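Below you'll find the structure, written out as structure tokens, and then a few comments.
Computed from a predicted model, the values in this text were never measured in an experiment.
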Amino acid sequence: MIMQADRECALELDAHPYRIQQIRRIVSAQLRYWRLDPLIAAATLGISELLGNVHRHARPDKHCSVRLKLAADRLTVAVADHDPRLPQLHPVEPLATGGRGLAMVEAMSDSWGTDLLPQETGKIVWFVLRTPVPVPAPVPLRSTVPFEPPPKRVGAAVALPVAPPVAAPLAVPVA
């Protein structure tokens, strides 16, 4: 399910590998709509890592939500699940084949953190990315046809705009 307001977007899903790519495409489209193309790579990388953690570690189920919230100078991305166990940032082992997710989120974001949900029914893991410039409110779609004022009326007749003179074609001698 997708819910959207002008400055917020929420997605509900089960964190399975095939869904993660779909969420990346949805988030990319939303960020393009908000004119935040420079943040797409970092945001989708962070979401992939957090959803991958839900898939690998969350219990009792894989149901989660992704929420994007846009403020004037920052984008907050949050993933909530039903597992109250908080993730832990471990030192990165150079030869390890996994365990780098939170370190990558920490490296590419301006800040990140976790919050427990009420009565320890789950947690939220979030990160913040600064927007490149203050983001204006989304503009409603408009017609691309340029506006032309109606012709001026002179008495009962309509004065049509005068077309610019057309140059006569050049005479080309035929051999």
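Residues passing the side chain to side chain contact (heavy atoms under 4.5 Å, CB included) test with A103, sequence neighbours excluded: L89, V92. Every residue was checked against the salt bridge (Lys or Arg N to Asp or Glu O under 4.0 Å) condition with R32, not counting sequence neighbours, and none meets it. The side chain to side chain contact (heavy atoms under 4.5 Å, CB included) search around S48 returns I20, R24, not counting sequence neighbours. Not counting sequence neighbours, the partners of D14 by the side chain to side chain donor-acceptor pair (under 3.5 Å) test are H63. With sequence neighbours excluded, the residues forming a side chain to side chain contact (heavy atoms under 4.5 Å, CB included) with P38 are P132, listed by chain and number. For the side chain to side chain donor-acceptor pair (under 3.5 Å) test, residues two or more places apart in sequence or in another chain that qualify with Q22 are R19. Listed by chain and number, the residues in a side chain to side chain contact (heavy atoms under 4.5 Å, CB included) with Q119 are T121 (sequence neighbours excluded). With sequence neighbours left out, R74 forms a side chain to side chain donor-acceptor pair (under 3.5 Å) with no residue at all.
To the nearest 0.5 Å, atoms NZ (K69) and SG (C9) are separated by 13.5 Å. In this structure, S28 OG and I47 CD1 are separated by 8.5 Å, a value rounded to the nearest 0.5 Å.
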What's the verdict on side chain to side chain contact (heavy atoms under 4.5 Å, CB included) for L70 and T131, showing C-alpha distance, side-chain angles and the deciding distance? CA-CA 9 Å; L70 179 60; T131 58; 3.8 Å; yes
Check step by step if side chain to side chain contact (heavy atoms under 4.5 Å, CB included) holds for V77 and L75. CA-CA 6 Å; V77 178; L75 173 71; 4.1 Å; yes
Show, in sequence, the C-alpha distance, side-chain angles and deciding distance for H16 and H55, and conclude whether the side chain to side chain contact (heavy atoms under 4.5 Å, CB included) test is met. CA-CA 6 Å; H16 296 293; H55 173 70; 4.2 Å; yes
Could you walk me through whether F127 and L50 pass the side chain to side chain contact (heavy atoms under 4.5 Å, CB included) check? CA-CA 10 Å; F127 62 91; L50 297 183; 3.8 Å; yes
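In this structure, L129 and A42 approach most closely via the heavy-atom pair CD1-CB, 4.0 Å. Smallest separation of non-hydrogen atoms from A15 and V54: CB-CG1, 3.6 Å.
Its side chain within the 4.5 Å cluster rule, V128 clusters with L117, I124, W126 among the Ile, Leu, Val, Met, Phe, Trp and Tyr residues.
Using a 4.5 Å heavy-atom cutoff, the side chains of V27 and L11 are in contact. Counting only heavy atoms from C-beta outward, the side chains of Q30 and L68 approach each other to under 4.5 Å. Counting only heavy atoms from C-beta outward, the side chains of L51 and V66 approach each other to under 4.5 Å.
A continuous path of ILVMFWY side-chain contacts below 4.5 Å connects I26 to Y33, so both sit in one hydrophobic cluster.
Residue pairs that meet the salt bridge (Lys or Arg N to Asp or Glu O under 4.0 Å) test with at least one member in residues 44-63, sequence neighbours left out, do not exist here.
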Show me the donor-acceptor pairs, under 3.5 Å and distance only, between side chains in residues 106-114 and residues at least two apart or in other chains.
from: S109; atom 1: OG; to: V105; atom 2: O; distance (Å): 2.7
from: S109; atom 1: OG; to: S111; atom 2: O; distance (Å): 3.3
from: D110; atom 1: OD2; to: R130; atom 2: N; distance (Å): 2.6

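Salt bridge annotation for D115-K123: absent, with no cationic side-chain nitrogen under 4.0 angstrom from a carboxylate oxygen.
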